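Contents: one structure, followed by commentary.
For ligands, and for the atoms within them, numbers begin at 1 and follow the listed sequence. We count residues from 1, following the sequence as given. Nothing here was measured: the structure is a model prediction, and the numbers come from that model.
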Amino acid sequence: MNLYNLKDSSEQVNFQQAVKQGLGRGQGLFFPETISPLENIDALLAMNLVDRSTEILSHLIGDELSKEMLHSIVSKAFTFAAPVKKVTDRISALELFHGPTLAFKDFGGRFMAQCLAHFKDDGRITILTATSGDTGAAVAHAFYGMDNIDVVILYPKGKISPLQEKLFCTLGGNITTIAIEGTFDDCQAMVKQAFDDQELKKTIGLNSANSINISRLLAQICYYFEAFAQLSVAQRENLVVSVPSGNFGDLTAGLLAKSLGLPIKRFIAATNENDTVPRYLQNGHWSPKTTIATLSNAMDVSQPNNWPRIEELFAVKGWSLSELGYGKISDAETKVTLVEMDKLGYLCEPHGAIAYRELTNQLKDNETGLFLCTAHPAKFKESVEAILGRGIFIPEALAARADLALLSKEFPADFAKVRELLMAL
Ligand SMILES: *Cc1c(COP(=O)(O)O)cnc(C)c1O
């Protein structure tokens with residue numbers, strides 16, 4: 001697999017290099033040089049998740065990883081299901097939260113960790129990532145206990161849910177967590193700064209693990225196929241997929257699935273009040289505002305850093321951005337939607353509810369809809385219980401962590417402090 005840097009197409013790397021480097025020169029994102037459609041979609045749809053995902057990933061990655069090796073990596077990464085559940089006659093939910101940290105980021109995080117562990121040479125490497133909640137948990141769990149790999153996670157203090165925080169800030173061992181006095185964008189900016197710091201990068205073997213790493217996106221492509229495989233022939237007709245979006249990795253993966261030939265009619269990019277992309281699609285101006293805290297905090301991103309990949313994909317495929325649906329949902333609408341869904345017999349959480357609402361707002365009569373449920377409702381226990389006015393069930397994995405002490409350090413949004421800690425690891 002060859003990839004080029006979107007900021008400097010003269011920089012070309014293979015899959016292994018892209019996974020290890022994360023970002024290219026000038027903080028450019030890597031993008032696949034060719035995306036050739038799969039020829040055997042029907043046969044693929046008949047396979048199980050692990051076998052099918054191995055085939056799809058092998059098609060993309062090529063001979064850098066043997067099929068046997070990929071199969072072994074995928075079986076260690078995808079150890080849980082992604083079931084599709086019916087919500088109304090025409091709308092289904094794709095539940096991506098049955099992994100160890102109860103969010104879709106387990107798919108990408110675990111696949112990336114397995115790839116890195118495989119590609120790594122003898123030296124130590126340090127994974128540095130910024131999280132608005134769920135990436136951190138997925139990455140921490142995916143790397144926890146691995147030899148010669150240190151993980152450092154920055155997150156905005158007080159801006160992620162208490163249970164979310166417990167899930168990854170109680171591990172210790174090779175996992176260091178830092179609560180930053182600032183926003184997710186501040187955390188992300190510091191990660192980018194670290195990658196521009198050649199001395200630091202070399203000394204600690206820096207690697208990123210947020211949604212900019214190409215391996216995560218490749219893993220995420222696989223569950224769009226999994227969803228499609230579970231739909232009936234009738235449900236596959238005119239399928240519209242609504243994606244709750246923050247950093248836009250999930251939507252990028254969905255669009256890549258479509259470009260590989262998965263017959264999805266169109267996508268909807270659903271955001272909360274942090275609506276840089278909906279405003280851009282509406283008026284053509286890219287004008288991020290200050291990030292605001294919402295109920296769907298994993299989507300509190302005003303500078304979505306996967307967006308250049310989406311633009312590139314549309315350009316390469318000759319698609320028009322006007323075909324991409326979009327919309328933003330306020331916290332007030334999110335609350336009403338959660339109550340409405342609960343009455344339909346489907347317990348959801350704020351991120352999934354935003355995707356559902358945008359789907360019901362935009363679905364046409366001849367279309368069927370699928371929306372992504374990106375996190376387990378229990379991860380947002382406090383807000384979901386307050387909105388629904390009743391208690392909800394907490395899965396064992398989460399309940400067990402809730403009583404443990406937080407091990408995070410607290411830092412100002414000051415790169416010098418973070419750098420010092422990284423050098424001292
Ligand atoms: C990360 C996350 C999102 C946003 O996904 P992106 O790929 O960053 O757009 C949505 N919902 C949940 C629960 C998340 O953790």
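For the pair Glu367 and Arg266, the salt-bridge criterion is met [side-chain N within less than 4.0 Å of a carboxylate O]. For Arg390 and Asp342, the salt-bridge test passes: some basic side-chain N is under 4.0 Å from an acidic carboxylate O.
Where the criterion is an N or O separation shorter than 3.5 Å, residue side chain and backbone included, Asp250 meets it with respect to ligand 1. Polar contact with ligand 1: absent for Ala103 (N/O pair, distance under 3.5 Å). Considering backbone and side-chain atoms together, Ala298 places no N or O closer than 3.5 Å to any N or O of ligand 1. Taking distance alone, with nitrogen or oxygen atoms compared against 3.5 Å, Phe248 approaches ligand 1 more closely than that limit. The shortest N or O to N or O distance between Asn247 and ligand 1 is below 3.5 Å. An N or O contact shorter than 3.5 Å links Thr374 to ligand 1 by distance.
Of all atoms in ligand 1, numbered sequentially from 1 with element shown, those under 4.0 Å from a heavy atom of Gly249 are 6 (P), 7 (O), 9 (O). When each atom of ligand 1 is checked for a heavy atom of Ser245 under 4.0 Å away, the hits are 9 (O). Each of the following atoms of ligand 1 lies closer than 4.0 Å to a heavy atom of Pro244: 4 (C), 10 (C).
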Step-by-step side chain to side chain donor-acceptor pair (under 3.5 Å) determination, Tyr280 to Glu311 = CA-CA 12 Å; Tyr280 172 70; Glu311 293 236 341; 2.6 Å; yes
Verdict with supporting geometry, Asp300 and Thr294, side chain to side chain donor-acceptor pair (under 3.5 Å) | CA-CA 7 Å; Asp300 290 348; Thr294 72; 2.6 Å; yes
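Heavy-atom distances between Phe97 and ligand 1 stay at or above 4.0 Å for every pair.
With a 4.0 Å heavy-atom cut-off, ligand 1 is reached by no atom of Glu349. Heavy atoms of Lys105 found under 4.0 angstrom from ligand 1 belong exclusively to the side chain.
With hydrogens and angles disregarded, a donor-acceptor distance shorter than 3.5 Å links the side chain of Asp106 to the backbone of Thr101.
In this structure, Tyr4 has its ring center at least 6.0 angstrom away from the ring center of Phe30.
By the 30° and 60° cut-offs, the orientation of the rings of His351 relative to Phe380 is tilted. In this structure, Phe111 and Phe15 have tilted ring planes: the angle between them lies in the 30° to 60° band.
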